[in-house]
Amino acid sequence: MSPSDVHLAQAFLAARGGTAAPHVLSALQVALARAWDAARSPWPEVEQDALRFVAHLARLLPGDTAEPGLEKLHLSDLYLARAAADGVPAALAAFEKHLLPEVGLAVARLRLPAPGLDEVRQSLRQRMLLGSADVPARLAAYPGTGPLGGWVRAAALWLALDWQRQHASTPPPEEGDLSMLVSPGDDPELLYLKTTYRAEFGASFSAALGALAPRQRNFLRLKYLDGLSIDQLGALYGVHRSTAARWVVGAQEELLARTRQLLAERLNLSRSQLDSVLRLISSQLDINLSRLLRSRLD
Amino acid sequence: MGCLDETTFMALLLGELPPERRPEVDEHLDTCAACRRLVAEALRAQHPEPESPQPAEAPPRPRGADATLDKGTAVGRYLVLEPLGAGAMGVIYSAYDPELDRRVALKLLRVSALGLEEEKGRALLLREAQSMARVSHPNVVPIYDVGTFGDRIFLAMERVEEARTLRAWLAAAPRSWRQVLSVFLDAGRGLAAAHAAGLVHGDFKPENLLVGADGRVRVTDFGLARSLSSRTKDATPFAGGTPAYMAPEQQSPSVPADARTDEFAFCVALYEALHGERPFSGHDARELADEALAGRLRPPPKGTHVPPWVRRVLARGLAASPSDRYAQMESLLAALQQSPGARWHRPLQALGGVALVVIAVGITHSVHAWRARACAGAAEELASVWGPSQQRAIEQAFLATDKPFAAAAWRRVQRELDAYTAAWVTTRTTACEATRLRGDQSEAVMARRMRCLDNRLAEVAALTQLFARADADMVELSARASQELPPISGCSDLTALLAREPLSEDAQARAREEALRHKLIHVRALKAAGKYAQALTVLEPVAKEARDTGDKYAVADALLLLGELRAEAGDAHGAETTLFEALGAAEASRNDAAAARAWTRLVRVTGESLEQYALAHRWKARAEAAIERLGGDDVLRAHLQANVGLLLFAQGQYTEAAEQQEAALARLERAFGPESLEVADVRLDLGSTRIAQLRMDEALQLFHQVLATREKALGPDHPDVARAQLEVAEVHWRRREFPQTEQLAKSALEMLERALGPQHVEVAFAMNSVAAAWQGLGRHEEAVRMTERALAIALKSEGPDNSTTLLLVNNLASLLAQGGQPAAALARLQAILEPMERRLGPHHPYLALATRSIAQLQLRLKHPQEALREFQRARSILEAREDDPYGYWTATMLDLGLAYMEHLGRAREAVPLFELALAGRPHSTQTPLQRAWAGFLLGQALWVTDMDRERAMRLVTEAHAVFAQAGSRGQEGLKRADAWLAKQPRPTRVVAPTAR
């Protein structure tokens with residue numbers, strides 16, 4: 001490439017409708033040429049127009065021309081998505097081979113009935129690769145900020161859950177299995193609370209729960225009612241598992257501390273008496289949490 | 001915002017939701033359960049958990065130690081079917097017992113609920129549960145099996161079909177007061193049966209009463225609440241029990257629950273069931289207790305049909321003070337059946353509880369009761385073996401021996417056999433009912449179990465027959481004999497039962513095997529009672545005959561018994577040969593149990609008795625493998641570890657020995673409880689090891705525990721008490737506390753002579769201890785004479801080539817030397833050195849001890865060169881070891897240094913030796929006094945050689961201070977240090993130059 005060859009940079013700028021100084025232009029040209037090579041190298045059999053691809057990148061990167069941030073993008077994933085959205089046969093084949101099986105696996109975990117599974121697969125292909133007269137192929141919208149696999153999986157899950165929502169006659173019963181964990185008749189401690197402090201404790205707990213931030217309540221519900229793991233919670237909020245764990249524990253402690261305080265006010269109990277009450281309760285914490293969280297809002 | 005759209009959903013799932021949008025999404029999820037579930041479900045699919053491959057299928061639930069078990073999980077031999085309920089102490093499952101082909105209720109208990117250390121809590125719960133399993137009554141939910149599952153305990157109980165709690169039963173339909181009363185009478189009978197077995201419920205309440213589809217009421221959850229409350233470290237009035245049903249005395253954690261606490265709870269529950277409200281008003285435990293203490297019973301509700309006499313009876317049962325209540329449940333139940341104004345009730349009551357129940361719950365129960373009688377024969381069968389007349393005969397025979405410990409022995413036997421036979425009746429009834437009554441066990445399985453139980457009863461019969469003709473020796477061993485009866489639980493372990501000898505098809509062979517088995521039972525009883533010679537006479541021809549018939553499985557059992565008998569009778573060589581024969585037969589017939597026992601026993605015979613250590617270690621490996629193959633019997637494992645401990649001790653490997661013994665102790669404490677005789681035996685072994693390690697305080701503590709256990713279990717005059725006394729005496733002797741040593745040793749000697757006869761080798765042990773005490777007290781002549789008597793006994797009973805004999809010779813020699821006969825002493829010692837090394841190996845501390853004694857004699861006989869050589873030899877024996885057993889190394893180094901310094905005048909060469917002694921070895925366990933001696937001698941040597949007089953003076957002064965504080969034990973040192981210091985120039989003149 002000769003030093004004066006800046007056609008990639010020009011296409012990039014044209015897609016944004018902007019201009020740039022010559023030295024910026026040549027630096028951009030170098031960066032784009034490197035990005036182009038990196039993007040296409042895993043897919044040697046997939047051909048597409050470089051200028052068109054660069055223009056696509058320009059639309060995805062709204063920032064400063066001098067610092068376009070190309071390195072933040074999953075370039076080879078974008079390459080494949082763009083080519084597949086354009087209907088390049090080799091790209092379609094690669095997409096079918098490398099991405100769909102993994103997506104199929106994630107959807108399968110939802111345990112849809114066989115017809116539902118077929119339907120979801122069908123509409124996934126349709127929407128991802130073909131689009132319709134007025135909606136372009138969905139793959140064209142892949143932002144390249146995360147791996148293509150995760151993005152396609154998320155889209156597929158939406159389709160699958162949507163299918164489920166439309167086809168389920170009644171919503172799934174809320175945690176029917178938890179009820180068997182709470183059988184007060186067998187539990188002297190729980191029965192004790194129920195018969196003596198039940199109303200007071202329930203009210204204090206509810207009030208304490210209400211005083212938490214919505215996110216804290218979500219954390220506790222997702223963990224105790226929906227049975228999500230710390231890792232899954234971390235993924236949802238985009239934080240490390242240790243942070244997620246800290247959040248859960250923090251919410252739990254805050255809830256208990258507030259319950260303790262409210263219960264003390266309500267019952268006018270001395271500190272030591274309250275401690276012995278709470279000692280009884282703490283062994284039931286997981287169960288109580290589930291039950292009270294559910295009964296309040298669901 | 002509305003429900004999630006595709007874009008928001010995807011951003012959320014990909015962790016790409018912009019921070020500014022988070023709050024609105026959080027707020028929406030907080031109020032919209034459907035969206036929250038959508039997100040949760042997608043997250044599970046997007047990020048599957050590695051440990052749960054099918055998260056969408058598994059019910060969401062809190063994770064952790066108490067997570068519910070999945071269907072099909074194996075708990076012990078049971079397979080989990082489904083959860084039935086949960087409580088504070090754990091979860092209850094419906095489960096399947098594949099071996100008995102029946103459904104059971106499986107309760108998994110959290111050890112953590114006890115608030116105890118995990119290991120301790122588990123052992124405690126396990127013991128509680130085992131005693132619960134002993135109660136057998138139609139109105140008590142039977143416990144079939146108890147075991148551990150991870151860190152939890154499980155109880156396998158009868159699965160009561162369509163069980164309702166009494167509260168549910170009361171709510172299901174209106175019940176007349178008579179119906180309520182009769183159900184409670186039944187429950188009360190169950191409670192009384194438990195009380196008779198020494199168990200208190202501790203948490204009696206309507207939720208612990210189950211009414212089954214058959215209409216029968218059963219009490220459940222015995223004792224668990226009680227162990228919860230009484231063992232919680234900081235027991236609060238709220239812990240354990242259920243306040244509304246708790247007696248006032250349960251408010252105080254220090255007062256143990258007893259039968260009258262249950263009586264109170266029973267009356268609260270009955271009162272509540274009759275009146276629809278509880279007898280005392282109050283909002284919490286304290287208020288309730290105050291009302292109960294004040295005796296403020298609520299007035300009866302208007303329009304009640306409950307007659308006043310019932311209220312009167314209840315009022316007494318609800319008395320604040322236990323002593324004001326009925327003395328026992330039976331009295332309360334009797335009072336509840338005696339309506340004073342209704343004489344027409346009488347004929348009905350004559351029929352007993354069954355008739356009352358028929359009124360209450362209809363015809364199903366009477367059919368049930370009729371069937372139950374088919375299995376009721378166990379008690380009668382037992383009566384012919386352990387009835388009042390047998391018990392009287394045994395008591396008379398015991399007392400007739402006139403032994404001081406006979407009465408205590410009888411009480412112990414009675415308690416042991418009562419417990420054993422009670423368990424037998426329960427197991428037998430359950431085994432029968434499982435087939436005949438509930439039909440959930442096949443006839444064939446029942447036959448196996450019955451046969452096993454018959455054999456157990458035969459063991460009891462054989463033992464009681466012997467006891468009825470007991471002599472003194474038998475009385476001595478009676479407590480252990482009754483403990484050695486094979487556990488009843490073996491008859492419920494179907495795997496073991498089926499793995500047992502294949503039943504011969506041929507009727508003649510079967511009759512032969514049956515006859516052999518009965519002979520073996522008889523011989524086992526003789527062995528347990530200590531009648532070895534008699535047992536051998538009976539068994540030898542039987543074993544020979546069995547060998548010829550060729551049924552290897554039974555032959556292995558017979559030969560194992562024969563080998564054990566020979567070992568007990570002191571014929572170690574014969575025992576070894578026979579045990580190997582037993583092993584041959586056992587391995588040929590896959591009699592794994594016999595093989596494991598034989599190898600375990602061989603470790604001790606070959607190792608401890610025959611002193612063939614290398615071989616014994618090989619047998620140990622075999623024994624471990626055999627126990628493994630057997631499925632890991634914990635008690636047998638403990639026996640093996642104890643035997644290996646003895647072997648290592650005999651070899652002088654004390655660190656390793658202690659490890660084995662500690663492990664064995666832990667196992668046995670779990671199996672039998674910390675106050676059992678089995679545990680005491682191993683504590684004794686460990687204590688001896690601790691002495692060798694010079695850990696005297698630990699040794700003394702262990703021995704005092706043993707002494708207490710034995711005195712309590714066997715009575716104060718039992719020879720086992722004397723044996724423990726000798727151990728305590730040894731600790732005192734090693735601490736140079738001679739008056740205590742003499743007193744304990746003499747008392748033990750008298751007891752042993754009386755109990756075992758004057759020629760028993762153990763009498764020689766006691767004599768040796770007495771002699772040692774006398775030596776310390778300066779009574780030389782007497783000590784020599786006593787040791788000679790002991791040696792004569794040892795020579796006669798053990799022969800010349802034996803550790804006991806060798807040690808006695810060594811002791812005698814040192815006594816002779818002290819008494820001014822060094823030449824005689826030297827000759828005695830030199831004669832035993834070679835056989836000693838052969839016996840004990842080249843690194844045994846006793847060998848060093850004897851060598852050092854020889855060296856000391858050589859010194860006295862003015863042979864310093866020979867003495868040096870012998871001291872060096874002793875030193876190299878000891879330095880080949882890592883530890884410093886009995887502190888022998890330090891003493892030898894000091895002796896050696898002294899020889900150089902005082903006998904050869906070569907103090908310069910003594911300095912490095914004393915330095916070494918003062919520094920000690922890494923594993924040395926020097927006493928402060930030994931260190932003081934090392935310092936004192938080093939100081940002398942440094943002074944004499946003029947190597948470092950300043951340090952010399954400092955060392956001697958320091959040693960002097962230690963001697964001065966050591967009381968009588970420091971006197972010798974103090975005298976010498978004083979004398980030495982007096983000879984030296986005033987310390988100030990030495991210190992002065994440096995001070996300036």
Side-chain angles (χ1 to χ4, degrees), chain A residues 106-107 109-111 145-146 150-151 153-155 157-158 161 165 171-172 174-178 180-183 185-192 195-197 213-215 217-218 221-229 231-232 235-238 276-277 279-280 283-284 286-287 289-290 297-298, chain B residues 6 9-10 12-17 22-23 26-27 29-31 33-34 36-49 54-64 66 68 83-88 92 113 165 167-168 203 205 207 225 236-239 241-244 283-284:
Chain A
V107 172
R109 286 193 196 103
L110 295 180
R111 321 226 127 222
T145 43
W151 187 82
R153 253 199 327 264
L157 284 169
W158 173 262
L161 289 168
R165 228 179 351 196
E174 180 73 284
E175 280 69 65
D177 291 291
L178 279 176
M180 76 92 198
L181 285 176
V182 190
S183 166
D186 290 307
D187 183 344
E189 292 170 4
L190 203 58
L191 185 74
Y192 168 70
T195 49
T196 47
Y197 294 121
R215 179 181 298 188
R217 278 196 294 276
N218 286 342
R221 285 206 200 86
L222 285 167
K223 177 145 185 352
Y224 287 105
L225 287 183
D226 302 314
L228 287 194
S229 71
D231 286 310
Q232 288 162 343
L236 175 62
Y237 284 85
S276 57
V277 173
R279 198 162 33 241
L280 295 180
S283 67
Q284 294 291 334
D286 275 9
I287 294 167
L289 270 177
S290 312
L297 291 167
D298 284 1
Chain B
E6 182 176 1
F9 171 85
M10 282 185 62
L12 205 52
L13 213 54
L14 294 169
E16 288 177 353
L17 195 68
R22 285 261 167 214
D26 268 327
E27 259 166 55
L29 291 181
D30 189 26
T31 51
R36 198 192 76 232
R37 273 200 299 266
L38 194 73
V39 170
E41 216 168 333
L43 268 174
R44 270 200 297 272
Q46 175 88 317
H47 303 276
E49 284 289 277
Q54 300 174 340
E57 193 183 53
R61 64 194 175 214
R63 294 173 197 284
D66 293 320
T68 46
L84 294 174
I92 308 174
T165 67
R167 203 179 285 292
D203 194 17
K205 57 180 176 178
E207 284 70 25
T236 67
F238 294 109
T242 306
H283 289 101
D284 60 34

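Letters A, B, ... are given to chains in the order of the sequence lines, protein chains preceding strands, and every chain is numbered from 1. What you see is a predicted model; the values in this text were computed from it and never measured.
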Colleague: Please check if the side chain of Asp26(B) supplies one atom and the backbone of Pro214(A) the other of a donor-acceptor pair under 3.5 Å.
Modeller: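 Side chain of Asp26(B) to backbone of Pro214(A), a donor-acceptor pair under 3.5 Å: no, none is there.
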
Colleague: At what distance, to the nearest 0.5 angstrom, does CE of Met10(B) lie from CH2 of Trp151(A)?
Modeller: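 Result: 5.0 Å between the selected atoms.
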
Colleague: Which heavy atom of Leu161(A) sits nearest to which heavy atom of Phe9(B), and what is that distance?
Modeller: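 Answer, listing the atom of Leu161(A) first, then Phe9(B): CD1-CZ, 3.8 Å.
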
Colleague: Just how far is it from atom CG of Leu29(B) to atom CZ of Arg217(A), taken to the nearest 0.5 Å?
Modeller: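 Result: 12.0 Å between the selected atoms.
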
Colleague: Do the non-hydrogen side-chain atoms of Tyr237(A) and Leu17(B) ever get within less than 4.5 Å of each other?
Modeller: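 Sidechains of Leu17(B) and Tyr237(A): no contact.
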
Colleague: Going from CG on Leu38(B) to CH2 on Trp158(A), what distance comes out if it is rounded to the nearest 0.5 angstrom?
Modeller: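 The CH2 atom of Trp158(A) is 6.0 Å from CG of Leu38(B), to the nearest 0.5 Å.
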
Colleague: Taking all non-hydrogen atoms of both residues into account, name the closest pair between Arg22(B) and Leu236(A) and its distance.
Modeller: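 The pair with the smallest heavy-atom distance is NH2-O, 3.3 Å.
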
Colleague: Using a cut-off of under 4.5 Å on heavy-atom pairs, state which of Asn218(A), Thr145(A), Leu157(A) scores highest against chain B.
Modeller: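 Between Asn218(A), Thr145(A), Leu157(A), the count favours Asn218(A).
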
Colleague: Measure the spacing between CG of Leu222(A) and CZ of Arg37(B) and express it to the nearest 0.5 Å.
Modeller: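 So the CG of Leu222(A) and the CZ of Arg37(B) are separated by 11.5 Å.
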
